[in-house]
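These notes concern the structure reproduced below.
Heavy atoms only: backbone and side chains are in, while hydrogens, waters and symmetry mates are out. Bear in mind that the values here come from a model prediction, so they are computed numbers and not experimental data.
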Amino acid sequence: MQLHGGMGYIEETGAAQFFRDARITPIYEGTNGIQAADLVGRKLTGDGGAALASLIADMRAETQDHDLRSLIDACEDVGRHLLQADVTDRLASSYPFLTMMAVAVCGWLMERQERIASGPDVGPDSPFLAMKRAAAQFYVEQIVPEAIGLRTAALSNADLLYSIPAETFAA
């Protein structure tokens, strides 16, 4: 974008709009970080993990897909680990854990929608229902396995983050 320079960069080429559009990214990233910190700082520890255990039980009771079950199991393992971890380790693991949980919950709900869209009470096949089934299948086959890969990061501790002295960042 800096190639345009001067007034051309500002408005005439349209590049300025791309810059304004891209500025939303830090807002989203900041919001995700806040939500992740809240998940491990208050939601998980506030009741000793009871709400997480209840959610895991609800998801496990309905889930049929093997990979989705594996992700739910991984979420449970990470949650248990984070309950025992100190605050810096919980915060270091918060974002991958939030992503895993979000994908697990969405996968659980998508699988439920697929069952309803394929059920015996469903009338004639419609493009809408066909799309629901395809979207749910795609999610479980493509998105869920990706989230399972976050388990290692979610179980990591904060040591690597603190391995560089703060003064190094100012250099």
Side-chain angles (χ1 to χ4, degrees), residues 24-163:
I24 197 70
T25 305
I27 294 169
Y28 290 146
E29 290 301 320
T31 301
N32 289 348
I34 292 166
Q35 296 299 324
D38 184 56
L39 174 63
V40 300
R42 295 189 325 164
K43 302 294 190 290
L44 178 65
T45 59
D47 63 0
L52 176 66
S54 178
L55 177 61
I56 295 289
D58 288 348
M59 291 191 295
R60 194 174 276 134
E62 291 184 25
T63 299
Q64 297 172 356
D65 181 78
H66 177 349
D67 285 340
L68 184 53
R69 281 186 161 281
S70 295
L71 176 58
I72 292 167
D73 292 343
C75 289
E76 183 178 41
D77 291 344
V78 171
R80 244 184 281 139
H81 168 78
L82 293 178
L83 279 169
Q84 305 304 317
D86 69 26
V87 68
T88 56
D89 290 343
R90 279 198 312 269
L91 289 172
S93 300
S94 64
Y95 187 77
F97 181 56
L98 174 72
T99 303
M100 290 172 68
M101 286 299 303
V103 171
V105 169
C106 188
W108 167 50
L109 296 174
M110 294 285 284
E111 193 181 62
R112 182 188 288 176
Q113 288 180 8
E114 182 180 20
R115 274 194 307 278
I116 293 168
S118 303
D121 297 333
V122 176
D125 202 22
S126 71
F128 175 78
L129 294 178
M131 187 61 192
K132 278 286 185 193
R133 289 190 298 273
Q137 186 176 1
F138 175 86
Y139 194 89
V140 170
E141 290 180 10
Q142 300 289 320
I143 308 301
V144 168
E146 184 178 303
I148 293 170
L150 295 172
R151 184 177 188 276
T152 300
L155 290 172
S156 296
N157 59 36
D159 292 346
L160 182 60
L161 299 174
Y162 290 101
S163 67

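- Looking only at side-chain heavy atoms (C-beta outward), I143 and M110 stay at 4.5 Å or farther from each other.
- Here the closest non-hydrogen pair linking I72 and M59 is CD1-CB, 3.6 Å.
- Judged by distance alone, with hydrogens and angles left aside, the side-chain atoms of S163 form a donor-acceptor pair with the main-chain N or O of L160 at under 3.5 Å.
- Sorted by first then second residue, the salt bridge (Lys or Arg N to Asp or Glu O under 4.0 Å) pairs that include residues 33-55, not counting sequence neighbours, are D38-R42, D38-K43.
- In this structure, L68 CG and D73 CG are separated by 9.5 Å, a value rounded to the nearest 0.5 Å.
- The minimum heavy-atom distance between W108 and T63, with the atom names listed, is CD1-OG1, 3.9 Å.
- Contact annotation: the side chain of D86 approaches that of D89 to within less than 4.5 Å [non-hydrogen atoms, C-beta and beyond].
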CA sep, side-chain torsions, deciding dist, call: Y139, V103, side chain to side chain contact (heavy atoms under 4.5 Å, CB included)
CA-CA 9 Å; Y139 194 89; V103 171; 3.6 Å; yes
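- Using a distance-only test at 3.5 Å, with no hydrogens or angles considered, no donor-acceptor pair links the side chain of Q113 to the main chain of A136.
- Side-chain contact between E114 and Q137: present, with at least one pair of heavy atoms (C-beta onward) separated by less than 4.5 Å.
- Between G79 and L52, the closest heavy-atom pair is CA-CD2, 3.7 Å.
- A donor-acceptor pair under 3.5 Å is absent between the side-chain atoms of S54 and the main chain of A50, judged by distance alone.
- Residue pairs meeting the salt bridge (Lys or Arg N to Asp or Glu O under 4.0 Å) criterion with at least one partner in residues 139-163, sequence neighbours excluded, are D77-R151.
- Taking CG of L71 as the reference point, atom CG of L150 lies at 9.0 Å (rounded to 0.5 Å).
- With values rounded to the nearest 0.5 angstrom, E76 atom CD is found 4.0 Å from R60 atom CZ.
- Between the OG atom of S94 and the CE atom of M101 there is a distance of 13.5 Å, given to the nearest 0.5 Å.
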For the pair L82 and S93, evaluate side chain to side chain contact (heavy atoms under 4.5 Å, CB included) and give the outcome as yes or no after the intermediate values.
CA-CA 8 Å; L82 293 178; S93 300; 3.7 Å; yes
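- Remark: the backbone N or O of S118 is not paired with any side-chain donor or acceptor of R133 at under 3.5 angstrom.
- Heavy-atom minimum distance, L83 versus G48: CD1-O, 3.6 Å.
- Nearest approach of V40 to R90, heavy atoms of both residues: O-NE, 3.2 Å.
- Taking SG of C75 as the reference point, atom CG of L98 lies at 10.0 Å (rounded to 0.5 Å).
- When every heavy atom of S70 is checked against every heavy atom of I148, the shortest pair comes out as CB-CD1, 4.1 Å.
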